[in-house]
Every structure is written in C-alpha cells, then in structure tokens.
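Per chain, numbering begins at 1; letters A, B, ... match sequence-line order.
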Number of protein chains: 2
Amino acid sequence: MNDEIDLSQRKKQILFQAVEDYIENANPITSGAMVSKSETTLSSATLRNELNALEQMGYLKQLHTSSGRVPTTKGYRFFVNTIKDSCRADIEGLLKIKNVFETRTINLTELIKVIADKVSEVTDYPTVISLGGIDKLEILSIKIIPLMTEQALMLIETPRGLLNNTLELKQNFDEQSCFDAGRVLTNKFKSMTIGQMIENIENKHQEILNELSEYANFFEYVLQSLIKLTKQYEKEGIYSKGATKLLKNPEYQNVEQAKDVLSLLEDKEELRNLIEDDSDCDIAFTIGDELNDNRLSECTIAKAHCKINGENIASVGIIGPKRMDYAKISGALKFIVDEFKKTDLLELHGNNKKGDKYD
Amino acid sequence: MNDEIDLSQRKKQILFQAVEDYIENANPITSGAMVSKSETTLSSATLRNELNALEQMGYLKQLHTSSGRVPTTKGYRFFVNTIKDSCRADIEGLLKIKNVFETRTINLTELIKVIADKVSEVTDYPTVISLGGIDKLEILSIKIIPLMTEQALMLIETPRGLLNNTLELKQNFDEQSCFDAGRVLTNKFKSMTIGQMIENIENKHQEILNELSEYANFFEYVLQSLIKLTKQYEKEGIYSKGATKLLKNPEYQNVEQAKDVLSLLEDKEELRNLIEDDSDCDIAFTIGDELNDNRLSECTIAKAHCKINGENIASVGIIGPKRMDYAKISGALKFIVDEFKKTDLLELHGNNKKGDKYD
DNA sequence: GTTAGCACTCCCAATCTTTGAGTGCTAACG
DNA sequence: CGTTAGCACTCAAAGATTGGGAGTGCTAAC
C-alpha cells in the first residue's frame, strides 16, 4: 500500500507542491503553472516527465488528455502524511473557544454546541460533535425528588454533570421516602458507572430487590428510566453546524452532488456512525474512497477524539471537500483536543475542590 | 388590493386551473396545454384572450414573449384564498403523529421535535417548530436540591413540565435549608407566571428580601437563574428538520439560489423571527414578496399557531417554493393544530387528575 | 538527465442556424 | 358581441461549426 518510499526526494517535492497548489486554487496542476509559481529551476518539460511518472504511480490523474492533473486519493494521502505535524491554526478565532472552556458551570451538552459553532466558523466547514454515551460515567450520587401526581425526578450526579429523568411511579411517595430511596440507591451504586449499574441491576435483580427491601418499589422505575436515558443520550448527544458552508466550495456547485452530503449532515444517526470510531489516535483524516461511501467520495472527514482525564468524551468531525485546507483543520482540531486535555470535568461544573462532595 | 371581485366566474376558473397545473407540473401555463388538459369547451384562442386579460390584471406574468405564463404572487394569493378550506391531508402519515400526542410523559421539547420530523416527512418540505417562551408559564411549585460543592438544582414545576437549572450558590447549604427555601419560594410565587415572578422580583426587590428573611440568600441566585433560563429557552425552543428536501424542487437546482434559503434554515435566531408572529389566525400562508425578504422571494411559508387550552404553545412553519402543494400543507397543519387543541398539557405529562398536586 | 521544439489532443467559448412552441392580432363566423 | 381559425411574429433552447489556446507526449539534441 505505502510505496511513498519509492518516491525520489524531487518527486516528493513536486507532488507536495502540486497538491498544495490544487488545494489552494482548485485548478488542475499543469507543468507550466508550476514553473511560474514555484521557485524550481526545472523546465516545464522535466516537470511533465515527473508529473507523468507520478500519474503512473497513481498519485495524480488527468481528466482528459491535454488537461492538467488532479490529485488522487493516494495523492492527498501523501500530502496529509507529509504535513501531519505542521498546522496553521487561526489563533484569533480559536482563542474565543478557550474562553468557553473557562466558563464554569456550562453543561457539557452546551459546551459541544458552542465548540462546534466556533470550529465551523473558524474553519468554514461543516462541523459535527458527538458526545460519548453516558454508560461509562461514574455515579457520584442519586437523588429522587417527588413531583406532581405519581411522578418523581431522578437526579444522578456524575463528573460530567447532572443527569435527570422523570420516573413514572404509578403511586405517590412523599418527600421523605424519595429522599431515603435516593440515599439507599446512592450507597448501593456510588462509584459504579451507569453502565455497570444497569448491568448490575439486570444480573442481580432479585438479590438487589431484597437488599433494597422497602425501596424496591422505586427500583423497577429507576431501571427503566436508566435505559431510556441511555438511549436518549445516544440520540441527542450529537450536534452539527454549518452544513451549508459546503456549498461555498466549487465541487458542490452541482445540486445533485451537494444533496447527498447535505442530507447526510441532517441525519443524526448516520452522522454518529460516521464520526465515531475506536481509533486511538487523536486526529485522523479519511479521504474520499477511504470513507467507503459513494455519497462521500468527494469528501474528506477530519476526526478528533477529545479526552478529559484520559477518558474519551467527545468526537469532533469536520467535513469538507477532498481539497480541504488540511493544515488549518489540523491546527484547529489539535487546539480543541489540547483544550479538552487541559480541562478537568469537575472544574467545568464549578467544583474546584475535587472530592469535596457531600450528600 | 383585493380586486378578485372583478374577476368573472370564467376567469376565476381559468386562473385557478392555471395555477393548479403550474403547481403540479412546474411548466409555464400555455393556452394549448389548457385546452388539452382541462375539459373546457373553449378554444385556445379564447383562452389566450383570457390569459392575456389575467396578465393585465397582475395574476400571471410571462417570462418572455412567446413563453407560457407563470403565476405572480397575486396569482398564488388568489389560489390560496380559493382553496382556503379544502385540504387534502395524508391521513396515514399524520396518524403516526397522533400516536405521539397520546404518549404520556413526553417532554414538550421532545414533542415538537417528533412532530417536526413527521410533518417534514409527510409534506416533503422543511419544517420548523418554535416553542413559545417560558415567561407565560404558570408556576406550580419550586424546589431546590443541593448538589455538589456550592451548587444546587432549582426545579420549577409548570403545566408544561419541569424547568430545571443549576444555581451557583457560592456557599454550601444543607438538604433541609434548600427544602425550606423551596417551600418559601413556592408559597410566595405559586400560580404566578415565570414572567410575573421575574417582574415581581425586580420591582419589589427589597420588600421580598425582607419577607423571605433567612432564605434571602437563595433569592439573588434564583433571579439570575430565572433570567438565564428564560434566555436559554428562547434560544433552544426552536427546531427544524428536512432543509435539504428543498433541493428536490426544480426552483432550487441552482446552488446560489438554494444557498440563501438553506443557510437561513440553519440559523435558529432568524428562523424564530420568521416563524413567530402575533397573527391570530390558526393557519396562514405568506407568499414570495409578501415575506419582504429577498432571500425568500421564491418561497412560501405556511405558519400555524398551536394552542393548548387556548394558550399559544408552539408555532409550526413549513417552508417551500411558491409552487408548494398548498392543499396538502394546509391539511397537515390543520391536523396538527387540531391535535394540539385536543391536548391537555397536564395529560401530556401523565397527570390525568388535574389539580391533584401535592407539595 | 535535461530541455527545446513540435505535433497532437481536446476543452471551451463564441457564433450562427434551426427548430418549434407559443403568443398577439385580425378577420370571419354564428 | 363573444368566439375562433389562421397567420405572422418572437424568442428560448438545442445543435452545428468554428477557432483558439492550453496542455500534453514525444523526440532529438545538448
């Protein structure tokens, strides 16, 4: 697959410049233009030979005889691998994001929206952020508050903030029973994750029922509620912004082409599948055919995984044409990933004294 | 303005058929086509005379000599006024919506999303729903629950469900103080609206501070929180779906034209301004120039105001080309409005016994 | 290995032509 | 007087033709 080693130093340089120029101007690469633009001492004939060789090797392709050449996916891939570590961020725009991180007591769901908005603004590409599911969240405490007829609110405190959901109790409970039930549940499930709690409930159902004795009533409702909550977050924790910015690019002047991508950007479920993956690396580009989706054959997706305290919290995706500004995107994503790394979830919610909780 | 009275019965019929046909086929109306399609006994020459007259009167216009005619805004307006009461709903699709209304304990914010999704699916046009602000909501009770360090959760029960927001207390309070504070606040503000409560707090600040004595501490935070909450709902209570469906229409085959409308559909703030108005009527169409927005000169917006117990709860907007299927849209909107009318908010939240609240 | 030179390819834009759908007008008809 | 057949006129849209020019590949000379 990777035969970039076969490339002479000169070929590498030519290919790099060719792709770079194409990304900037969207004009097919020609030997003549390269002579006049770059500071090369080579003649156009020599460049033609080299470009021809690069085409044979699959890095470039011609649209027709006597047209300039355009990068193939392989060509873009070479380019991306080369610039991997050089980024060119719009510092000014990104600094605004920094402020957001420093705003305390911002809900994480809010946070990703603000970030997606800003990233899309700075990069000028559609941006998607998905929040990880809640199943890996640690439970800090559980509270139950009676509401109007036969309902109660279940509150679960987690390092990522407060989860809340209404319980359908089918029976009235008073303030005190609810309070006690919450305390019992907290004692039982504290410092498990939501996922573990569900698993635990499902596996040791009877056992726990006995253990919780008089609060067993709540128990069924809590389980149902947790499952509903998990599904809901799966569905809601995804946000996208700036879809129409795609239309600015010359590759989407044709409505037919744009339609596919735009409707994909409207479908949260598909977006989630697209953005999430288990890759370990912080930032990755997937180019054109590499995406294995006809609708996206002319797109590149840049993905980044944001971690707080080492835990995967959110995934950011930037969707653009293959001809996207890789260095800029790379810079923006690196910035976001770093900001997340520096952040402590508890701080996000205004708790500067970790571990100093009370219940 | 309205000189539809001047139209002979025959002209009305011709104009109606002309617009109807144009809406269906997007082909300019020609005398020849009208003869072959409709069961008229008139000759094409006579129709030409009539069409010419209708053009003089401003209902139709020609794109150029020797082309067929196209409806003007005035022509569409005539058409809409004529079909006002005939609707042609996709009953099957809409019945699915009915089920949603019957699902209890669905959050109103969730409800509008599901409805927008379905309406967009059934009509095949972008659909926007905005939820009214929270300021007119009646307060049923206020609860305060202590959370982790120096924070508490404020819960306000309203007929539209539970509002919640985190309070930054800057000081720890125990379970009991919070509980008591909630009770005091409830007694003071119960059955006011959120708006009245804010107003009240702002006007009689000192007075209330004295009255609440030991819970005065909470008071400032509650005020701030309420204001924040009001703003937040203003921003969040709007949802749109199906923007890309616009691209199916021949009038948006040109990216430049589509871009404007699509980016408008992405901007929640603009959408809100567009959808909300104070008009009393349940369903209204605003056509092309009537919208007073260049970007929308080729669009029609259908708006409906949904009321529960007489109170304006949500506004639905359907955006399409001027050539939209008015009868179908009208049917769909009427259905939604009626469903809302039949709904009791308390029932939505699972309370079948109204007034049977406890605190 | 590099490059000047040249034949060759083929897109693109401009121009022109043709076609035909559709109109407006007029004169005749019942 | 409303209706209609007939005809001249208009004009967009779709081909056909053309020339220009940008770009290539190849070859032969450096």
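Closest to the side chain of B:His64, from the set C:dT3, D:dA12, C:dG24, is D:dA12. Counting only heavy atoms from C-beta on, B:Leu42 has its side chain closest to D:dT4 among D:dC11, C:dT23, D:dT4. Closest to the side chain of B:Gln62, out of C:dG24, D:dT3, D:dT10, is C:dG24. With D:dT24, D:dA5, C:dG22 as the choices, the nucleotide that has an atom nearest any side-chain atom of A:Thr30 turns out to be D:dT24.
Using modelled atom types and a 3.5 Å distance limit, the side chains of B:Ser315 and B:Glu276 yield no donor-acceptor pair. There is a side-chain donor-acceptor pair under 3.5 Å between A:Tyr239 and A:Asp117. Residues B:Thr244 and A:Glu266 have side chains that bring a donor and an acceptor to within less than 3.5 angstrom of each other.
The distance from atom CG of A:Leu51 to atom P of D:dG23 is 12 Å, rounded to the nearest whole Å. Atom CD1 in A:Ile29 sits about 10 Å away from atom P in D:dT24, given to the nearest Å. In this structure, B:Met34 places its CE atom 11 Å from P of C:dT23, rounding to the nearest Å. Straight-line distance from the CD atom of A:Glu50 to the C1' atom of C:dT3: 13 Å, rounded to whole Å. Computed from coordinates, the A:Leu54 CG to D:dT24 P distance equals 13 Å when rounded to whole Å. In this structure, A:Asn52 atom CG and D:dT27 atom C1' are separated by 15 Å, rounded to whole Å. Here the P atom of nucleotide D:dA5 and the CG atom of B:Leu47 are 12 Å apart, to the nearest Å. In this structure, A:Arg48 places its CZ atom 16 Å from P of C:dT9, rounding to the nearest Å.
The phosphate of C:dT2 has OP1 or OP2 within less than 4.0 Å of a side-chain N or O from A:Arg10. Phosphate proximity of C:dA21 to B:Ser67: absent, as no side-chain N or O sits under 4.0 Å from OP1 or OP2.
Crowding of B:Gln13 atom CD: a count of heavy atoms from other residues, nucleotides or ligands under 6.0 Å not exceeding 12. The environment of CD in B:Gln56 is crowded: more than 12 heavy-atom neighbours from other residues, nucleotides or ligands sit within 6.0 Å.
Nucleic acid contact class of B:Ser31 (heavy atoms, under 4.0 Å, all strands): sugar-phosphate only. Nucleic acid contact for A:Asn49: base, since at least one base atom lies under 4.0 Å from a heavy atom of the residue. Contact annotation for B:Leu63: no contact, since no heavy-atom pair falls under 4.0 Å across all strands.
Side-chain contact between B:Tyr252 and B:Cys299 is present, with at least one heavy-atom pair separated by less than 4.5 Å.
Taking 4.0 Å as the cut-off between side-chain N and carboxylate O, B:Arg10 and B:Glu50 count as a salt-bridged pair.
With hydrogens and angles ignored, no donor-acceptor pair under 3.5 angstrom links the side chain of B:Arg69 to the base of C:dG24. For C:dT9, its base sits under 3.5 Å from the side chain of A:Ser66 at one donor and acceptor pair at least.
Checking B:Thr65 against B:Ser43, the closest nucleotide of DNA chain D that is more toward the 5' end is the one next to B:Ser43.
The aromatic rings of B:Tyr76 and B:Tyr326 lie tilted to each other, with the angle between the two planes from 30° to 60°.
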Checklist entry - What would the secondary structure line of DNA chain D be in dot-bracket form, counting Watson-Crick and G-U wobble pairs under 3.5 Å, with [ ] for pairs that cross earlier ones and | for pairs with another strand? => result ||||||||||||||||||||||||||||||
